[in-house]
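First the proteins, then the strands, lettered A, B, ... as listed; each starts at 1.
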Amino acid sequence: MNNLGYCCINLTLQKKNKITTNRTMRQATFLDRGISYCSELALLNCKDLYKILEWNSQNNVNLFRISSNLFPWNSEYALEDLPDFLEISNILKSCGHLATQSKQRLIFHPDHFVKLASESDKTKKNSIHDLEVHSKIFDLMGFVPSFHNPINIHVGCKLTKDSIQRFLNSVELLSENVMKRLVIENDDKAAMFSVKDLYENIHKQTGIPITFDYHHHKFHDSSLTEEAAFHLANSTWVTHKPVFHYSSSRLIETPGVNPRAHADYIHENISTYNSDIDIELEAKAKELALLQYWRNKQHV
DNA sequence: CCAGGTCAAGGGAGT
DNA sequence: ACTCCCTTGACCTGG
C-alpha cells in the first residue's frame, strides 16, 4: 500500500476559511512584540493544524508534512516559555490523537537553514536547536520517537572529507529522540550529496535512513539509475516504511524556467518498483495535486 | 483596503 | 569579494 501525502498547506481550507499554520512575523515586529505575540500566533497555528488533520481524515489522506512554521521565531525561546504553552500542548496532544486514530503519518522537513555540516559553530548550534524543537513538537503530540514520524533534512553542503566529518560530529550532539527520527535526503546539485554519496559517507557510519527524492536525483545521480537509487535508499529504512519525495518539473507547465522548480501538479505515473513506500508529493497545488493524481489513477 | 515590495537564518554558483 | 539564487508565503507599508 503506497500512501500519498502533501506538504504543509491545505489550499482548500486556506481559501475557504483562512486556515493556515504559517502565521509569523518579521524581525521588527518580533523585537517590538516579543514572545507573547509568538505565543498568540503559535496557538492559532496549532488550532488550524488540527483542522487540517480533520480534513485529511475526512479525505482519506494518511501522509502529511507539518509546516515548520508552527512556532514563529522559535530559535529565540523554549516552547515551555510561551504564555499559552499549556493550551498549545493540549492541542498538539489532540492532533497526535487524531493522527493516530485516523492512521495519518505525520512528518517534518525543517528548512534549508539546518546545516549540520556547516563550518560555523553558530550555524551548527542553531541547526541542532531547530532539530530539537521539531522533535519536541512530535513529543508533545505524544508520538513515540521512531522513523514512523521522520524529521527529514539535507546535508546541504558540498561533499568534502571535512564536511562529512563535520556532519558526523554534529550528529553526535543530537538527542536520542532526534536520532530516532532523523533522516537525510539527496541534494539536487552535482557538488553535493547524491543518494550514493549519502549511503557511502553517512548511512554506513550512522545507520541514518535515506529519503529518496526522485526529482533531485535527476540533477545529481552519481551514475545510478532511478531504480538503483530508489532501491539503495529503500534498503536503509530497516525498521519502518520509507517516505520518499516526488515532484514534477515546473518546465512541463512553464517553458523556460529553472527545471529544478516544482510544478503545480504531478504529470507522470510514479514508479514504486513493487516496493511498499509512502510518497510525499511536493507539488505547488498541494492537496489539489494529490486529489488529481488519485483521480487520474482511477481512469488508467 | 489593496497591490506590490520586502523579509532572520546558509551556502552554492557565477562573475 | 560580491551578487544572485533557491523557494515561498505572509508580512507590512505606502498609496
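- A:Tyr265 places no side-chain N or O within donor-acceptor distance of the main-chain N or O of A:Lys286, the cut-off being under 3.5 Å.
- Here B:dG12 presents its C1' atom at 14 Å from NE2 of A:His216, a figure rounded to the nearest Å.
- Closest to the side chain of A:Arg26, out of C:dT8, B:dT6, C:dT7, is B:dT6.
- Comparing the same atom, P, in B:dA3 and in C:dT7 gives a spacing of 27 Å after rounding to whole Å.
- The distance from atom NZ of A:Lys15 to atom P of C:dG9 is 15 Å, rounded to the nearest whole Å.
- Here the straight-line distance linking atom CG of A:Leu281 with atom CD1 of A:Ile270 works out to 5.0 Å at 0.5 Å rounding.
- The shortest distance between the side-chain N/O atoms of A:Ser120 and the OP1/OP2 oxygens of B:dG10 is not below 4.0 Å.
- In this structure, A:Arg250 places its CZ atom 17 Å from C1' of C:dC5, rounding to the nearest Å.
- Atom CZ in A:Arg23 sits about 8 Å away from atom P in C:dC11, given to the nearest Å.
- Side-chain proximity of A:Lys189 to the nucleotides C:dC11, C:dT7, B:dA13 is greatest for B:dA13.
- Taken residue by residue, residues 66-76 of chain A places heavy atoms nearer than 4.0 Å to DNA chain B at A:Trp73, A:Ser75.
- Applying the side-chain hydrogen bond (donor to acceptor under 3.5 Å, both in side chains) test between A:Asn169 and each of A:Gln165, A:Arg166, A:Glu172 identifies A:Gln165 as the sole match.
- One interatomic measurement links the two molecules: CE of A:Met25 to P of C:dG9, which rounds to 20 Å at whole-angstrom precision.
- The CG atom of A:Leu106 sits 8.0 Å away from the OG1 atom of A:Thr100 when rounded to the nearest 0.5 Å.
- Per the geometry, NZ belonging to A:Lys158 stands 18 Å off P belonging to B:dG10, to the nearest Å.
- DNA chain B is contacted by A:His112, A:Phe113, A:Lys115 of residues 105-115 of chain A, taking any non-hydrogen atom closer than 4.0 Å.
- The A:Asp188 side chain lies nearest to C:dT7 when the options are B:dG12, C:dT7, B:dG11.
- Side-chain contact of A:Ser271 with A:Glu227: a donor-acceptor pair under 3.5 Å is absent, judged by distance alone.
- Side chain of A:Thr20, nearest nucleotide from C:dA10, B:dG11, B:dA13: C:dA10.
- A:Gln14 comes within 4.0 angstrom of the backbone, heavy atoms only, and of no base.
- Stem regions for DNA chain C, each three or more consecutive Watson-Crick or G-U pairs with both distances under 3.5 Å and listed by first number, read B:1-7 with C:9-15, B:10-15 with C:1-6.
- Between the side chains of A:Asp197 and A:His220, a donor-acceptor pair is found at a separation under 3.5 Å.
- Using a 3.5 Å distance cut-off with no hydrogens or angles, the side chains of A:Thr211 and A:His245 do not pair a donor with an acceptor.
- Here the shortest heavy-atom pairing between A:Ser67 and A:Thr21 reads CB-OG1, 3.4 Å.
- Looking at A:His216, its side chain never comes within 3.5 Å of a backbone N or O of A:Asp187 through a donor-acceptor pair.
- Put simply, A:Gln27 has no side-chain N or O that comes within less than 4.0 Å of OP1 or OP2 on B:dA9.
- Between atom CG of residue A:Leu92 and atom CG of residue A:Leu70 there is a gap of 7.0 Å, rounded to the nearest 0.5 Å.
- In this pair, A:Phe138 and A:Phe108 present their aromatic rings tilted. The plane angle is within the 30 to 60° band.
- Whole-Å rounding puts the A:Leu159 CG to B:dG12 P distance at 11 Å.
- Across the P atoms, C:dG14 and B:dA8 are found 16 Å apart, a figure rounded to whole Å.
- Checking B:dG10, B:dT6, B:dG12 against the side-chain heavy atoms of A:Met192 singles out B:dG12 as nearest.
- Rounding to whole angstrom units, CD of residue A:Glu185 and P of C:dT7 are separated by 11 Å.
- Taking only side-chain atoms of A:Asn22, from C-beta outward, the nucleotide of B:dA13, C:dC6, C:dG9 with the closest atom is C:dG9.
- Of the N and O atoms on the side chains of A:Ser194 and A:Asn186, not one donor lies less than 3.5 Å from an acceptor on the other residue.
- The side chain of A:Thr24 contributes no N or O atom lying less than 4.0 Å from OP1 or OP2 of C:dA10.
- Judged by a 6.0 Å distance limit and a 45° cone about the ring axis, A:Arg65 is not positioned over the six-membered ring of A:Tyr6.
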